[in-house]
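Here the structure is laid out as structure tokens; the discussion comes afterwards.
Here is how names work: the chains are called A, B, and so on, in the same order as the sequence lines, proteins then strands, and each is numbered from 1.
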Amino acid sequence: MNKKRKGVLRALAVCSAAVMMMASSGCAKGGPGGPGGRGPGGAQQGGKIAVITKQQLSFWDDVKKGAEDACSELGYELIYTVADGDNDYVSQVAAINDAIKKDARAIVIAPNGTTELNEAFEKAEEKGIKIININSLADYDGVISLISSSETDGGGVAARSAVKALAANKYDFTKGVKVGIIGHTASTAEKRIEGFADVFTQQAAFKALQAGGMQDMGAAGDAAQQGGDQAQQGGAAQQGGAGGAAGTAGSDDAMGAIIVSLRKNIVEGERCAKRDDAKAQAKKLLGTDGNGINVMFGTTTNTTLGICDAVEELGLAGKIVVVGFNSDEQELAFIRKGVLNGVVVQNPYIMGYVGVRYAKKVLDGTNVPNRLDTGATFVNADNLNDPFIQLLLYPDSY
Amino acid sequence: MAKDKNKAKSKSMSSGVYIFAALLLAVIYIINTLLVESIYSNNSKMSTRTSQSMNCLNRINSELSEINMDTLGIAAGIKTDMAVITDDTNRRYANIKDAENTFRNIQDVTPDAMRRFDYAMSIVETYKKRLDSLGTGVVESGDYIEMGYILKQDIYPLQISASEMLTSTIDVMSVKIASMMKQNAIKTYLLMSMMMIVAILGEIAIWIFAKRSKKARLELDERERSLAEVDAKLKATRQKATDLAEMNVLTGMKNRYALDNEISGRLESERFNIAVFDLDNFRSINDTYGYDFGDEYLVAVSDKLKEEFSSVAEIYNITGNEFCFVFNKSISESQAMGIVQNIHRVMTSPFEVLNLNVQLPCSGAVYHYLPGDCLNVNSLLVKLDTAMRNAKMNGGNMVNTVMNM
């Protein structure tokens with residue numbers, strides 16, 4: 001009897017040994033492979049990220065696509081809300097509250113207002129929700145990062161492209177350039193126009209100086225001429241950085257004078273939101289024969305389309321350089337027709353993608369830059385079919 | 001014998017338990033080793049691939065940022081030797097292409113990561129194209145304002161976006177890897193718990209098995225014990241039956257049947273002394289006092305005979321009042337004759353039965369048997385009875401001797 005019991009006990013002991021052996025071998029092997037979770041990006045994954053945009057436009061659809069891709073690739077659940085217009089902060093406050101209720105871990109928002117959302121932001125921050133801005137910045141301290149495309153730089157890109165187009169047409173900059181601008185009603189118009197005007201006048205002035213100053217400008221013209229000569233000497237002498245810098249310094253006064261004169265030749269129509277209104281405003285500026293205007297600039301899709309309508313109707317296509325903003329299919333059609341020289345395209349897809357990615361980084365405890373400029377690209381007939389431009393225009397084509 | 005068998009059985013049973021345990025152990029160990037090995041090699045493959053792809057992506061990113069530093073240097077007027085810079089840029093771009101090819105050749109990059117990588121490389125291509133299209137004209141013209149714009153508005157955002165997409169590729173891969181690692185970890189833990197459960201179940205099975213075999217052994221023991229009991233009872237019963245068959249119920253002496261059994265084997269080869277006695281006129285007792293009295297009288301006589309002569313002879317009560325004495329081998333012929341006289345004296349002495357003193361005469365016959373005298377017990381008894389009847393016919397109360405022929 002005793003012997004039998006001993007036998008059973010011995011069998012049990014053998015089995016326990018087997019279990020222990022197995023467990024130990026499992027642990028030893030499993031350990032280094034990383035079930036411990038020390039792999040790269042091993043920080044806590046998942047959760048919800050709320051992305052809130054401004055209004056129902058293809059631009060914001062592309063932001064949404066970027067955010068969707070980032071969420072699916074980085075393992076987050078997206079809560080997407082779009083407001084009813086770029087002044088509609090009420091919907092955005094509701095969306096922020098909804099995000100709080102749904103336990104979102106971060107909010108990526110293109111704020112419709114500077115301070116109107118602050119109360120909602122405070123509530124979100126109290127819950128530990130991280131706030132990232134895209135496109136424009138809210139006046140709130142808790143905003144960790146802004147991912148945007150600089151509006152002034154966008155305007156600048158448009159201006160440089162316009163100057164290039166004029167130069168390509170062998171335009172004589174010494175005659176001065178007359179510019180017509182149709183702006184839209186939102187706050188971004190201001191910055192785009194400002195950027196456009198600054199860069200355009202500088203560039204045109206430089207071209208004019210290179211071509212020998214400006215005609216009909218009196219003393220200013222003479223000064224410009226002198227400066228221009230100096231600059232050319234400096235440039236031609238090729239005396240390295242110092243010579244170039246001296247040349248630039250010497251031309252500063254003359255440049256200034258030309259810029260002032262060029263600025264006087266920039267005319268703006270009334271701000272408008274609709275295509276028809278923009279067309280009417282453009283026609284007003286252009287008269288029947290173009291009214292001496294060399295360049296037309298539209299700050300949004302609708303204003304650009306309005307200008308194109310007017311130019312086409314007046315038969316001025318090819319005679320006036322038209323540059324605009326955004327990448328509506330109809331704008332692309334005008335580019336193909338030759339009415340529109342090109343448009344400035346931002347990268348909303350990247351904005352949405354990076355917005356979510358920065359949210360993830362912040363949640364993972366990584367530092368992110370507090371500003372990121374996603375840039376603007378000029379799209380014209382030459383580069384329309386480039387892979388990168390196609391990617392910008394159709395972000396889901398990949 | 002039975003106990004030995006049981007022991008052997010229990011030994012083989014407990015060795016069965018050990019074999020089972022050993023097999024279980026081996027199977028568990030092999031399965032465990034194989035699965036853990038596969039998970040481990042999976043993990044290590046994955047980390048190799050990961051570090052390879054991370055290397056590629058980081059290389060592309062750092063070369064790109066070096067190129068960007070060059071353009072920044074140009075714009076700032078620090079770097080002016082365009083030929084050197086162009087060479088440098090082309091070399092770095094070749095490195096980027098090389099890293100791109102390496103990355104594309106890495107197996108099992110997820111579609112998500114590849115998509116992100118394609119996006120990044122498309123920006124890198126555009127970036128390079130833009131650099132190429134700028135040529136050296138702007139730099140040579142000394143238009144630092146334009147250079148600044150090119151850098152700020154064309155080059156820098158592209159580099160930033162490309163870098164973001166490259167690092168995003170790393171992120172996307174990391175997320176996938178983290179989730180795969182997590183899956184592997186879950187797999188490992190599942191596997192371990194499964195094995196643990198199997199082992200525990202095995203232990204329980206062995207325990208139950210051992211307990212059952214113990215119980216079975218106990219049951220077997222019990223059955224054998226009861227079987228032995230039954231056997232013993234059966235033997236006792238059989239003995240009783242035999243006894244009954246060979247015994248006179250009234251006197252408790254062996255009967256004629258017993259006599260037959262016991263001496264028929266001796267007739268051929270042995271010599272012995274044998275005698276029969278019979279109470280004369282016993283019937284008169286039955287007639288006078290009743291059968292009960294007669295029975296009691298017989299019991300008293302037989303008790304007395306047993307008391308006096310069972311040490312020298314085997315006594316049989318072969319019919320109602322007839323007794324047969326087979327003398328022991330040690331008793332000689334003359335001794336037998338003396339004993340016969342004593343028997344006669346005892347049987348004819350008075351007996352007190354039911355407070356009555358009764359005395360009956362008796363006759364007998366004695367036979368000094370020689371081997372081969374009789375063919376069977378029957379003829380032996382006929383010889384004795386004939387001799388005894390002769391005595392009775394001659395007046396009774398005497399002992400006759402069977403004459404040897």
Item to complete: Under 4.5 Å, counting heavy-atom pairs only, tell me which of Asn42(B), Val198(B), Thr167(B), Thr110(B) racks up the most with chain A.
Response: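 Answer, by heavy-atom pair count under 4.5 Å with chain A: Thr167(B).
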Discussion item. Which one wins on heavy-atom pair count under 4.5 Å against chain A: Ile31(B), Ile123(B), Leu35(B)?
Written reply: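 Max contact count across the listed options: Ile123(B).
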Worksheet item: Which residues in residues 347-356 of chain A have any heavy atom lying under 4.5 Å from a heavy atom of chain B?
Response: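 At a heavy-atom separation under 4.5 Å, chain B is reached by Asn347(A), Tyr349(A), Ile350(A), Tyr353(A), Val354(A).
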Worksheet item: Which heavy atom of Ala113(B) sits nearest a heavy atom of Thr169(B), and at what distance?
Response: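 Where Ala113(B) meets Thr169(B) most closely, the heavy atoms are O-CG2, 3.4 Å.
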Practice prompt. Work out which heavy atom in Asn135(A) is nearest to a heavy atom in Ser148(A); give both atom names and the distance.
Written response: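 Where Asn135(A) meets Ser148(A) most closely, the heavy atoms are O-CB, 3.4 Å.
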What part of [X] gets within 4.5 angstrom of chain A, counting heavy atoms only: side chain, backbone, both, or neither?
X         : answer
Ile160(B) : side chain
Met165(B) : side chain
Lys129(B) : side chain
Leu158(B) : side chain
Ser179(B) : neither

Worksheet entry | Closest-packed option against chain B by number of heavy-atom pairs under 4.5 Å, given Ile389(A), Asp373(A), Asp69(A) |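 Looking at each option in turn, the highest pair count goes to Asp69(A).
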Only pairs under 3.5 Å count here: list side-chain donor-acceptor contacts from residues 21-28 of chain B, not counting sequence neighbours, and write none if there are none.
none

Worksheet item: Which region of Asp386(A), side chain (C-beta onward) or backbone (N, CA, C, O), has a non-hydrogen atom less than 4.5 Å from a non-hydrogen atom of chain B, or is it both or neither?
Response: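 The side chain, not the backbone.
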Worksheet item: Under a 4.5 Å heavy-atom cut-off, does chain B meet the side chain of Gln202(A), its backbone, both or neither?
Response: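 For Gln202(A), side-chain heavy atoms alone lie under 4.5 Å from chain B.
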Note: [X]-[Y] ion pair, threshold 4.0 Å (strictly below):
X         : Y         : result
Arg116(B) : Asp112(B) : no
Glu125(B) : Lys97(B)  : yes
Lys360(A) : Asp171(B) : no
Arg104(B) : Asp118(B) : yes

Fill in: Atom pair CD1/NZ of Ile96(B) and Lys128(B) - distance to nearest 0.5 Å
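If we round to the nearest 0.5 Å, Ile96(B):CD1 and Lys128(B):NZ are 9.0 Å apart.
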Worksheet item: Rounded to the nearest 0.5 Å, how far does OG1 of Thr188(B) lie from CD1 of Ile39(B)?
Response: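 These two atoms lie 3.5 Å from each other.
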Discussion item. Taking the six-membered ring of Phe325(A) as reference, does the cationic atom of Arg192(A) (NZ for Lys, CZ for Arg) lie under 6.0 Å from its centre and within 45° of its axis?
Written reply: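 The answer is yes; both the distance and angle limits are met.
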Fill in: Single hit among Leu166(A), Ile259(A), Val323(A) for side chain to side chain contact (heavy atoms under 4.5 Å, CB included) with Phe200(A)
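Only one of Leu166(A), Ile259(A), Val323(A) forms a side chain to side chain contact (heavy atoms under 4.5 Å, CB included) with Phe200(A), namely Leu166(A).
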